[in-house]
Amino acid sequence: MTSDLIIIGSGPGGYRAAAYAAAQGLTVTIIERGEVGGTCLNRGCIPTKTLCHHAELVDMLRKAGTFGISDLSFALDFPAMMERKRQVVQTLRQGVETLMKAPGITLLKGTAAFTDAHTVTVDGQTLTAPHIIIATGSKAKMLPIPGADSSIVVSSDQLLDTDAIPPRMCIIGAGVIGMEFASIFSSLGTKVTVVEYLKECLPMLDSDIAKRLRQTIARRGVDFIMQAAVKEIAPDGVVYERKGKTAKVETDKVLMATGRTPCTDGLCLEKAGIETAKGAIVTDEHLETNVKGVYAIGDVNGRQMLAHAATAQGLHVVDHIMQQQCPTPYSLVPAAIFTSPQAACVGMSEDDCKAQGTDYVCRKGYYRANGKAVATGETDGLVKLLEGADGRILGCHIYGDHAADMVQEVTALMACGATVGQLRHIIHIHPTLGEILQEVR
């Protein structure tokens, strides 16, 4: 079977690239060994954000008295929440399956393996193409410590399929995954403790923003044990060492949220001569591997483990194949953490500016001074906007309600090379949270 393009993996990078390539007139074969939609749809972004929304609703109900709604009572039906999460995933999965039935696209279910640089087998069937995109995503990384295989230890994939709210949970790792699940389950009534090796949570965020977000979540009842090294998982808890002393967090469930690692299992990359480094596939500025015509996008290349980054990279590769001019898809990538409240960032942080010796001015805006935030009762939040010597926006870091939406506006402005002065002259609807961006000082 021969086509113009083979794509291995049907996550956001793979299926969007397939649809785009087919629209450009290429014949595409896309291979998926599991469910279409990849990690994002089935075990990541979508189910997690569905539960985030459920948790936000619970928080809102608990604060109903603040808004003059008294004598309100409610009960958590966790099985119903999980069923709705499954329905959301199923609905979107069906949408991807429909997209993969478009003219020019052939979807094959099975496990792909290279036999040479441009030949792939799928359960005995041989496929060839001049162009191949590897988009196999990532899998949960587990710490190699004693007790890691204990029955109380779960990955984020497994936690998304749990059938009950645990009374106590210890989360190892205060990255995006750990912080989001800490926020979700603390809202649902779990006593959550987060154990983190680093000094601060969410290292991709400005350290000031990360600290404030952690303190906000701590006030909601989550305990944080920072600069602690986990030594083992005991039958009833997590043993860690901090400042030379050993202690234990007693818990019913342990979430191992120590990051993700590129998934290349079974691809037989060595038969194609594809180079890897630290488990990730090595790529150039156009996401091409050392083998001409073979590309790697998304989590598997280890550049930026974000669904929207994978999508942008996939579209870039198709443009490169079609010899069309396009900007690099990884120079300006926004990111968001869907805790309660949210956090989001794009571009340089104040820490980056200091480390690189960049001339900058840090401008801040506070939610508590914004009319919309006061009206909705969401006054806990901060905007940090980094301005360069030429007035251009270097970066933006936010924690607070709808932080992800606000950072998206800044991303668009940065992509156009806008200055802080130009931002201030853009009329913003009143009252909106976006006015905070306009009023930073």
Side-chain angles (χ1 to χ4, degrees), residues 1-19 21-22 26-44 89-90 92-94 96-102 104-142 155-158 160-161 260-276 279-283 287 289-291 293-302 305 307 310-311 313-314 317:
M1 182 176 176
T2 302
S3 54
D4 296 320
L5 173 64
I6 293 172
I7 300 176
I8 306 173
S10 68
Y15 78 73
R16 287 288 300 277
L26 300 180
T27 56
V28 182
T29 303
I30 185 165
I31 306 162
E32 176 55 61
R33 68 180 178 184
E35 298 286 358
V36 297
T39 296
C40 173
L41 174 52
N42 296 288
R43 301 172 299 281
V89 171
Q90 180 61 29
L92 294 173
R93 188 187 294 148
Q94 289 171 352
V96 176
E97 289 173 346
T98 299
L99 187 65
M100 294 299 94
K101 293 176 182 178
I105 301 175
T106 300
L107 172 63
L108 290 181
K109 291 293 188 73
T111 301
F114 283 90
T115 57
D116 62 43
H118 290 278
T119 306
V120 174
T121 62
V122 181
D123 298 341
Q125 185 175 2
T126 300
L127 314 173
T128 61
H131 308 289
I132 298 176
I133 298 176
I134 303 169
T136 48
S138 63
K139 58 185 177 181
K141 184 189 298 183
M142 306 297 279
S155 66
S156 57
D157 295 358
Q158 294 165 324
L160 282 169
D161 284 329
R260 299 184 66 82
T261 186
C263 189
T264 59
D265 303 344
L267 284 174
C268 299
L269 297 177
E270 67 282 358
K271 293 185 178 180
I274 297 171
E275 182 183 354
T276 63
I281 297 176
V282 178
T283 58
L287 295 316
T289 69
N290 61 304
V291 177
V294 180
Y295 303 81
I297 64 172
D299 290 5
V300 77
N301 66 30
M305 291 191 170
T311 296
Q313 290 175 15
V317 167

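Surrounding NZ of K271 are at most 12 heavy atoms belonging to other residues, nucleotides or ligands under 6.0 Å away. Other residues, nucleotides and ligands place more than 12 heavy atoms under 6.0 Å from the CZ atom of R43.
Between the CZ atom of R260 and the OG1 atom of T39 there is a distance of 4.5 Å, given to the nearest 0.5 Å. Note that the OG1 atom of T136 and the CD atom of E32 stand 10.0 Å from one another [nearest 0.5 Å]. Summarising the geometry, atom OG1 belonging to T121 is positioned 10.0 Å from atom CG belonging to D116; distances are rounded to the nearest 0.5 Å. For the atom pair L92 CG and L41 CG, the distance stands at 5.5 Å (nearest 0.5 Å). Residue I7 holds its CD1 atom at 12.0 Å from CZ of R16, rounded to the nearest 0.5 Å. Residue R33 holds its CZ atom at 11.5 Å from OG of S10, rounded to the nearest 0.5 Å.
Across every non-hydrogen atom of I297 and G14, the tightest pair is CD1-N, 4.2 Å. Of all heavy-atom pairs between G266 and A113, the closest is O-CB, 3.4 Å. Nearest heavy-atom pair across C40 and A307 is SG-CB, 3.8 Å. The shortest heavy-atom contact between P262 and M305 is CD-CE, 3.8 Å. Taking every heavy atom of both residues into account, G110 and D123 meet most closely at CA-OD2, 3.3 Å. The two residues I8 and A112 have their closest heavy-atom pair at CG2-CB, 3.8 Å.
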- Task: Tell me, with the steps shown, if N290 and V282 meet side chain to side chain contact (heavy atoms under 4.5 Å, CB included).
- Result: CA-CA 7 Å; N290 61 304; V282 178; over 6 Å; no

- Message: Could you go through V294 and I274, starting from their C-alpha distance and side-chain angles, then the distance that decides it, and tell me whether this counts as side chain to side chain contact (heavy atoms under 4.5 Å, CB included)?
- Response: CA-CA 8 Å; V294 180; I274 297 171; 3.8 Å; yes

- Query: Could you go step by step and tell me if T128 and T119 meet the side-chain hydrogen bond (donor to acceptor under 3.5 Å, both in side chains) rule?
  - Reply: CA-CA 5 Å; T128 61; T119 306; 5.9 Å; no

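Proximity of I134 to L269: side-chain heavy atoms (C-beta onward) are separated by under 4.5 Å at one or more points. Residues Q313 and N301 meet the side-chain proximity criterion, which asks for heavy atoms closer than 4.5 Å. Contact check for Y295 versus L5: no side-chain heavy atoms found under the 4.5 Å cut-off. The closest side-chain heavy-atom distance from I31 to L127 is below 4.5 Å. Between I105 and I30, the closest side-chain pair of non-hydrogen atoms falls below 4.5 Å. Residues M1 and T106 are in side-chain contact: their nearest non-hydrogen atoms beyond the backbone lie under 4.5 Å apart. Using a 4.5 Å heavy-atom threshold, the side chains of D265 and K139 count as touching. By the 4.5 Å heavy-atom criterion applied to side chains, Y15 and V36 are not counted as neighbours.
Each of T29, V120, V291 was evaluated against I132; a single residue qualifies, V120, per the side chain to side chain contact (heavy atoms under 4.5 Å, CB included) test.
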